[in-house]
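Chain letters run A, B, ... following the sequence lines, proteins first, then strands; residues in each count from 1.
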Amino acid sequence: MRSHTCGELREENKGEKVTLMGWVGRQRDHGGIIFIDLRDRYGMTQIVFNPSADAVYATGKSLRGEFVVAVTGVVEKRPDNMVNDNLTTGQIEVVAETVEILNVAKTPPFEIDDNVEVSEEIRLKYRYLDMRRSQMQHNLIMRHKMAQLTRRYFDRNGFIEIETPMLMRSTPEGARDYLVPSRVHHGRFYALPQSPQTYKQLLMVSGFDRYFQIVKCFRDEDLRADRQPEFTQVDVELSFVTQEEVLNLVEPLMAEYMDQLLGNNLELPIQRMTFAEAMEKYGTDKPDLRFGMQLVELSDLVENCDFKVFTDCIQNKGAVKGICFAGGAKYSRKQQDVLTAFARQGGARGLVIIKIAGTDWQGNLTKFFNSATRQNIIERMQAKDGDLLLIVADQRQVTNEALGDLRLRIAGEEGLQKDDCYAFLWVTDFPLLEYDDEEGRFVARHHPFTSPKDEDLQWLNSDPGRVRAKAYDLVLNGTEIAGGSIRIFKKDMQQEMFKLLNISDEEANNKFGFLMEAFEYGAPPHGGIAFGFDRMAMLFAGRKSIRDVIAFPKTSSAISLMDGAPSAVDSKQLQELGVKLATE
RNA sequence: GGAACCGUGGUGUAGUUUGGUUAACACGCCGGCCUGUCAAGCCGGAGAUCGCGGGUUCAAGUCCCGUCGGUUCCGCCA
């Protein structure tokens, strides 16, 4: 049908007779000569209609935005001063000889143009039009390249891609499951996978010692800018590996993404940090390393000062720490109050703000600290004239998290998080368990199949909260983009873990019996990792929401504005499934 | 489950603080003029019961209550 796409003609094609097909973009009608931009996903080509060509000129004049047309004509080099350098085809234009209108189009609800702002609500309702815009085309093409690169990478490294079921058993731990009622077995339900975790472990038992899959996962939890109820993971599992080997497998893949998608060089190895260090220095388990402003320990320096808030805190085994906000003295009293309110909102009892003027502190807090203490603090925090010291005194975890949040907030306000900067980081040695106040028991921080660190096994029963896991996260610019662990592969250890999690033998057997039984038939040691594919695509495309890299995303209330999912269903359908709606 | 911000022609916004005559601007759309534009230019026109429901008032886009929808955040997300 077409001889070329709208993005491929160049000066060398001069004189060729071509047929292009695409959508009518902007039209520039000069009364005599008419130009139209013919668009497809490859680019844009200018079509020229000359008044001397009667028949085709009339058709050209009748064209409207988003009509689908086939244009046949001759490629001509544009006059020298008419070349458009913003267009890859800007050297040439096609002089129309015949035009066929393949389909007419209503005036679209918004212009198909990256420069026109459209609310996300309208974009999602007319997603098929939104995706005609070059920004979305670029995002989805990049996502495609990522997927292909990923497949090639794992294939080259001996991995087998194996599909696992979408209809599986509901599991007790973790996120809320999406449930699918069984028609054949009334009262029973499948769950959509939160991840193929158990399947990939079983594949290891089967001997597929290097497995990967680009796979949809489902979690029925509330949404965020970087969270959709259905999302894509690159799921990876290996047998006979150490944590070190998993990390080393992932790093060159990240370097390839950076190189092939962005043309950036990623220096390997990727920096590493333990969970404990991340919390102490950045107040979060996913530090954004695009900027500094580390948390600084001050407890030892203020132990004997006259400021009761600090000394009381230390006596209660809390921590006094601070961050240095370079140039922060420019903040008004009002802005400072907002920071204080923000810290309180994050759970801190308060926020101490000290202005540095010249080489000393300024303000009425100065009197509680002798000169030596003030200088020691300035020195340790590397504070300069015009800086602001933000100090929190509270329980250590509260102090860390409050300062970590403040650090991010200030970075946001000051524009320290550059979009074109890519700071990767491994965070390792996560706690195995976390105490859940609501449930009154320990829960797995990663998942219940994560192996404890060998040297911490001694505390498994006496001090479970102290046990670290063979678990690791990959962080990019403050966003977790991958997480994994070395797994438990022995039945008795897995049983012990369930016991720690307060899952009864009966429940464990009922829900995970198949896995534990499999472990009895020669399960190899194994471990793996899973990548948040949408999040990576979002970061590489420089977008703020994963909706921009998903073709048909849901809104923040988990609705599809285009097709109206979820919807009510016929009572006949419910009847077949043996499902009755509860009524209030 | 909670909080904040937002909802005004097809699109994006102004107007809401302080209620008052015909709801303004840009883009788009339609028509006219125009033979080298490329976000073409110039002239003209159509197009909005201000998300929905209720209330206060002589009078509501504007104030109050409720509701629906969008976005962001907290909780949640092994």
Side-chain angles (χ1 to χ4, degrees), chain A residues 25-39 44-52 57 64-66 76 78-87 89-90 93 95 106-126 129-130 171-177 193-195 197-198 217-229 231 342 345-347 405 408-409 412 430 432-434 436-439 442-450 469 471 480 483-485 497-498 501 503 512 530 532 544-545 547 554-559 561:
Chain A
R26 290 191 174 274
Q27 307 138 62
R28 294 173 291 280
D29 183 346
H30 288 250
I33 195 165
I34 298 172
F35 302 101
I36 70 160
D37 292 333
L38 192 65
R39 169 172 41 77
M44 195 112 91
T45 300
Q46 175 161 282
I47 310 295
V48 185
F49 295 87
N50 280 310
S52 51
Y57 182 76
R64 291 291 177 270
E66 303 311 312
E76 290 195 356
R78 297 191 188 188
D80 284 343
N81 55 334
M82 306 297 169
V83 165
N84 185 346
D85 292 326
N86 300 321
L87 232 51
T89 61
E93 59 198 7
V95 180
K106 293 209 294 188
T107 301
F110 52 86
E111 295 160 71
I112 311 302
D113 181 338
D114 283 345
N115 299 316
V116 173
E117 290 277 316
V118 188
S119 73
E120 197 156 13
E121 195 169 355
I122 300 290
R123 288 176 55 200
L124 291 178
K125 179 166 180 198
Y126 299 97
L129 296 179
D130 187 35
T171 51
E173 294 285 287
R176 200 174 290 119
D177 281 325
Q194 297 179 22
S195 85
Q197 183 60 37
T198 47
C217 301
F218 306 85
R219 293 177 192 175
D220 189 2
E221 297 293 349
D222 288 340
L223 293 85
R224 288 287 187 279
D226 62 355
R227 259 165 42 191
Q228 287 269 309
F231 60 99
F342 179 75
Q345 200 184 310
D405 289 344
L408 286 176
R409 187 194 166 98
F430 279 85
L432 181 70
L433 305 162
E434 220 168 21
D436 186 324
D437 290 325
E438 207 172 298
E439 300 218 18
F442 280 102
V443 297
R445 187 174 173 106
H446 185 51
H447 56 52
F449 316 109
T450 302
E480 178 198 331
S485 64
M497 181 61 65
F498 286 139
L501 297 173
I503 298 172
F512 293 115
K544 296 240 176 317
S545 159
R547 290 186 298 275
K554 305 278 189 285
T555 68
S556 65
S557 62
I559 281 170
L561 289 178

In the strands shown, is B:U71 matched to any nucleotide by a Watson-Crick or G-U wobble pair with both distances under 3.5 Å, and which? B:A4

What integer distance in Å separates A:Leu408:CG from B:C73:P? 12 Å

Please give, in whole Å, the distance from B:G36 P to A:Glu76 CD? 16 Å

Kindly say whether A:Thr171 contributes a backbone atom to a donor-acceptor pair with the side chain of A:Asp177 at under 3.5 angstrom? yes

Counting only side-chain nitrogens and oxygens, does A:Thr107 get under 4.0 Å of the OP1 or OP2 atom of B:G28? no

Starting from P on B:C73, measure out to CD on A:Gln345 and report it in whole angstrom. 13 Å

Given that both distances must come in under 3.5 Å, which nucleotide forms a Watson-Crick or G-U wobble pair with B:A48? none

With B for base contact, S for sugar-phosphate-only contact and - for none (protein heavy atoms under 4.0 Å), nucleotides 8-13 of chain B reads --SSS-

Spatial distance of atom CG (A:Leu501) from atom CG (A:Leu433) [nearest 0.5 Å]: 6.0 Å

Which nucleotide in the list B:C38, B:C74, B:C77 gets nearest to the side chain of A:Asn84? B:C38

Please give me every residue in residues 26-34 of chain A whose heavy atoms get under 4.0 Å of an atom in RNA chain B, ordered by residue number. A:Arg26, A:Arg28, A:Asp29, A:His30, A:Gly31, A:Gly32, A:Ile33

Among residues at least two apart in sequence or on other chains, which ones pass side chain to side chain contact (heavy atoms under 4.5 Å, CB included) with A:Glu66? A:Trp23, A:Arg39, A:Ala105, A:Pro108, A:Ile112, A:Arg132

When the distance from CD1 of A:Ile47 to P of B:G36 is rounded to whole Å, what number comes out? 19 Å

Of A:Phe35 and A:Arg547, whose nearest nucleotide on RNA chain B comes first from the 5' end? A:Phe35

Got a donor-acceptor pair under 3.5 Å from the side chain of A:Asn81 to the base of B:G36? no

Grab the CZ-P distance between A:Phe342 and B:C73 for me, whole Å please. 12 Å

Separation between the P atoms of B:G66 and B:C29, rounded to whole Å: 43 Å

So, does A:Arg224 get its side chain near the phosphate of B:U71, meaning an N or O under 4.0 Å from OP1 or OP2? no

Identity of whatever pairs with B:C63 - Watson-Crick or G-U, under 3.5 angstrom: B:G55

Need one value for A:Glu93: base, sugar-phosphate or nothing, where a base atom within 4.0 Å counts as base even if backbone is also close, heavy atoms only. base

Nearest-Å distance, CG (A:Leu223) to P (B:G1)? 14 Å

In whole angstroms, how far is the P atom of B:U35 from the CD1 atom of A:Ile36? 19 Å

Is it the case that the base of B:C76 and the side chain of A:Arg227 share a donor-acceptor contact (distance under 3.5 Å, atom types as modelled)? yes

Expressed in angstrom and rounded to an integer, what is the separation of A:Met44 atom CE from B:A40 atom P? 9 Å

Would you mind pulling out the nucleotide paired to B:G9, Watson-Crick or G-U wobble, both distances under 3.5 Å? none

Euclidean distance for C1', B:A39 against B:G12 (whole angstrom): 15 Å

